[in-house]
Q: 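Have a look at this one before I ask anything.
Proteins get letters first, then strands, A, B, ... in listed order; numbering begins at 1 in each.
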Protein chains: 2
Amino acid sequence: MLTDRQLIILQVIIDDFIDSAKPIGSRALSKKDNLPYSAATIRNEMADLEELGFLEKTHTSSGRVPSEKGYRYYVDHLIGPERNHHGLGIIESLTNNGIFEFEQIVQTAAEALSQLTNYTSIILGPEMFEATVKQIQVLALSNQSAVAILVTNTGHVEHRSFTLPKGISSSDLEKLVNILNDRLHGVPLFKLPEVIQNEVTSLMVKYMNGLDSSLNWIRALFTHEHAVKLYFGGKANILMQPEFNDVDRIRSFYSLMEREDEIVDLLKNTNQGIKVSIGHENEVDEIKDLSLITASYHIGGGQLGTIALIGPTRMEYKKVLSLMQSISKEMTGAMDKWYRDKS
Amino acid sequence: MLTDRQLIILQVIIDDFIDSAKPIGSRALSKKDNLPYSAATIRNEMADLEELGFLEKTHTSSGRVPSEKGYRYYVDHLIGPERNHHGLGIIESLTNNGIFEFEQIVQTAAEALSQLTNYTSIILGPEMFEATVKQIQVLALSNQSAVAILVTNTGHVEHRSFTLPKGISSSDLEKLVNILNDRLHGVPLFKLPEVIQNEVTSLMVKYMNGLDSSLNWIRALFTHEHAVKLYFGGKANILMQPEFNDVDRIRSFYSLMEREDEIVDLLKNTNQGIKVSIGHENEVDEIKDLSLITASYHIGGGQLGTIALIGPTRMEYKKVLSLMQSISKEMTGAMDKWYRDKS
DNA sequence: ATTTAGCACTCAAAACAAGAGAGTGCTAAC
DNA sequence: GTTAGCACTCTCTTGTTTTGAGTGCTAAAT
């Protein structure tokens, strides 16, 4: 329903605004190469585009600025074929020495993403629900203390130090660990608390006397929220954006960034693929004037994490989208390669 | 050299400014209870105090504001006996279930510190230099991959996933781990790279053939910077301070917060006890208009970490100092209790 | 039937002006 | 030594004017 000329004008306006952050007027537009029309003509078109809701004015006699609907249209229809970012190889370079360090990979990716865009990136670590117990070990550090270590089939390690119950013997401890390994091997993490409750407790009461209290730490070790973790990149970078020249906006942004559970919610709810939420399309008040791009990365085909980027609605969508695509692909690749052969 | 009256006036001015953040004039001061003098008298005293360098004016006819020298004097001489913050019990409540989770303790302490003050707190994790190797384990996850786990005598666990060298047999792997445990048990972390280089390498070449390349990951696992870690609390809280009403100041602050190595340097160089650095007493440019309080906490008597608090020079020194003292004592207590019996 | 030139009009932002208010320094009286 | 009084200074607020970019509309040109 938009004429070709309107399309071009819309595109040029948005492109210009994305990089200048200033409203643009008809006169300036008419000077652009791809718009061989007079200011007056463009004015008319702009008035139409405004009527259709793609543009806005900041005041009655100002230049035009893209509306959220404008950005939406831009993202959906005006972004060309993403020029291939041909894999930055950031992640690859981290794994090709044979070492696979999850935290490092994710953190590096988050930082790179922010560095390249000057927005703030957030990566949601994978949920470990489906990982299963590979081995449990308890290592005494002294007469009173020990550390318990749990390794999953995916190579994740959890550990917890604790004080030993009084009077426990090393043979008791060994027995205990044996029971645990016997019963818990292969159990997925999310079922752990349940299995411990139902199967292990009774066994332990049977074979070991007077150690009820010691069960606490076992439960604590394994009930531990296998919480998804957030990795931030360049929380400060976004401050370079002129949109953040206002102290209150900064405050509200950073206060949101500290409420990690809200952020997790924000990112979790993502289906596969890339999703762009512009301004008020976002649920959370604090980012109703920002845009949020999320992309998922998959591991092992099922579990997934999310890569996100937050910036002003005036975002370099073209660049960002192809970049996110690349990184998400790279992450998925690295994860796949690593997790593929783990049963 | 200061008269009693000047002392009181100085104190009142600083106290007032600390909580109002506004310059205070002679008239307002003369109305305070503990200053039964006329505005004119106080004006004279203030002029003297300014001449001595304890006060400043923001412009020729403004009220007075404490200078850095003023704050220094305040901190050194005018702060009364710290009312005992009688241990907030924050940390105790985390450990009395028998579980000792280092990260959790430190993170909680950092957050509490910031919460209670509305400044930003940073805690420098302990250096693990003196911890010694307790056990090394390598667990195969599949034919191609494994995870290596290192436990120290203090209960710290490091781990690293990696791809197995092609053609390594499980008996080779076992042999390898035996060698490692045999040679590395009891070796302090900071000596690890050296010992591996000198003792282990030759042994391995001797007993295992063709596995030179596999040494890479061993070295990588243990050479891993046992970097001290930073724990931040309330990076956003400091934004509530009126001093941070300026966007550029915020930018420079946050950009510093991201340069973690600089921060580590800043905190590392601390002798025992509490240290207050006011404004230009700080080395780093970005905080030359802020104050930094550092306190150390000790573990095992030797190694130590640092607790720090950053706020405007107009800081509630009285409250902060006693608070830092409490927390540092609590941390030291918890650590001591935990690490005492580990050889 | 488009496109364009011309012109009156609008509004934000910058520049300027006037007052008010808080505070000082100094002098002279207490 | 202390205080009252007063002239003076400087910021901050408020209101006014000017400027300039940009619009909408009408009428002419294509």
Side-chain angles (χ1 to χ4, degrees), chain A residues 1-10 12-14 16-17 19-67 70 242-243 245-247, chain B residues 1-10 12-14 16-17 19-67 70 242-243 245-247:
Chain A
M1 63 191 176
L2 288 184
T3 69
D4 282 358
R5 194 166 66 186
Q6 285 175 323
L7 246 46
I8 296 182
I9 291 180
L10 182 58
V12 172
I13 291 178
I14 298 185
D16 184 279
F17 187 70
D19 102 22
S20 77
K22 292 193 218 325
I24 183 162
S26 53
R27 217 181 103 81
L29 274 175
S30 78
K31 282 191 185 132
K32 299 240 173 188
D33 288 349
N34 28 2
L35 292 181
Y37 310 99
S38 76
T41 307
I42 292 181
R43 267 205 295 285
N44 289 328
E45 296 285 33
M46 290 206 294
D48 289 349
L49 283 169
E50 181 175 2
E51 218 155 80
L52 291 168
F54 295 104
L55 296 180
E56 285 173 351
K57 284 188 281 196
T58 62
H59 60 270
T60 28
S61 75
S62 74
R64 299 306 207 293
V65 152
S67 67
E243 279 77 0
N245 268 340
D246 177 60
V247 180
Chain B
M1 64 195 174
L2 287 184
T3 69
D4 281 358
R5 195 167 65 186
Q6 285 174 323
L7 245 47
I8 295 182
I9 290 179
L10 182 57
V12 172
I13 291 178
I14 297 185
D16 184 279
F17 186 70
D19 102 18
S20 76
K22 291 192 220 325
I24 184 162
S26 54
R27 218 181 102 81
L29 274 175
S30 78
K31 282 190 185 136
K32 299 241 174 186
D33 288 350
N34 29 3
L35 293 181
Y37 310 99
S38 77
T41 308
I42 292 180
R43 265 205 295 285
N44 289 329
E45 297 285 33
M46 290 207 293
D48 288 349
L49 283 169
E50 183 175 1
E51 218 154 81
L52 291 168
F54 295 105
L55 297 180
E56 285 173 349
K57 284 189 281 195
T58 63
H59 61 269
T60 29
S61 75
S62 75
R64 298 305 205 296
V65 152
S67 68
E243 278 77 0
N245 268 340
D246 177 59
V247 180

Q: Given the rule in the salt bridge (Lys or Arg N to Asp or Glu O under 4.0 Å) test, do Asp16(A) and Lys32(A) qualify, once you have shown the distances and angles that lead to the verdict?
A: CA-CA 10 Å; Asp16(A) 184 279; Lys32(A) 299 240 173 188; 2.8 Å; yes
Q: For Ala21(B) and Pro242(B), which heavy atoms make the closest approach, and how far apart are they?
A: CB-CG, 4.0 Å
Q: Relative to the 5' end of DNA chain D, which residue comes earlier, Arg5(B) or Ser61(B), by the nucleotide with the nearest heavy atom?
A: Arg5(B)
Q: Assess whether side-chain contact (heavy atoms from CB on, under 4.5 Å) is satisfied between Gln6(B) and Thr3(B), documenting all intermediate values.
A: CA-CA 5 Å; Gln6(B) 285 174 323; Thr3(B) 69; 3.2 Å; yes
Q: What is the distance from CG of Leu29(B) to P of dA22(C), rounded to the nearest Å?
A: 15 Å
Q: Identify, residue by residue, the members of residues 31-46 of chain A with a heavy atom below 4.0 Å from DNA chain C, and return them in order of residue number, or none.
A: Tyr37(A), Ser38(A), Ala40(A), Thr41(A), Arg43(A), Asn44(A)
Q: To the nearest 0.5 Å, what is the distance between CG (Leu35(B)) and CZ (Arg5(B))?
A: 9.5 Å
Q: Is there a side-chain contact between Val12(A) and Asn34(A) (heavy atoms, below 4.5 Å)?
A: yes
Q: I'd like to check Phe17(A) versus Val65(A) (side-chain heavy atoms, cut-off strictly below 4.5 Å). Are they in contact?
A: yes
Q: Anything under 3.5 Å between a donor and an acceptor, one on a side chain of residues 52-63 of chain B, the other on a protein residue two or more places apart or in another chain? List them.
A:
{"unit_1": "Lys57(B)", "atom_1": "NZ", "unit_2": "Thr60(B)", "atom_2": "O", "d": "3.3"}
{"unit_1": "Thr58(B)", "atom_1": "OG1", "unit_2": "Ser62(B)", "atom_2": "OG", "d": "3.0"}
{"unit_1": "Ser62(B)", "atom_1": "OG", "unit_2": "Thr58(B)", "atom_2": "N", "d": "3.0"}
{"unit_1": "Ser62(B)", "atom_1": "OG", "unit_2": "His59(B)", "atom_2": "N", "d": "3.3"}
{"unit_1": "Ser62(B)", "atom_1": "OG", "unit_2": "His59(B)", "atom_2": "O", "d": "3.2"}

Q: Measure the shortest side-chain to side-chain distance between Met46(B) and Leu29(B) over non-hydrogen atoms and say whether it is less than 4.5 angstrom.
A: yes
Q: Shoot me the first and last contacting nucleotide of DNA chain D against chain B, ordered 5' to 3', at under 4.0 angstrom to non-hydrogen atoms.
A: dT2(D) to dT11(D)
Q: What contact category does Arg64(B) fall into here, base, sugar-phosphate, or nothing, at under 4.0 angstrom with non-hydrogen atoms?
A: sugar-phosphate
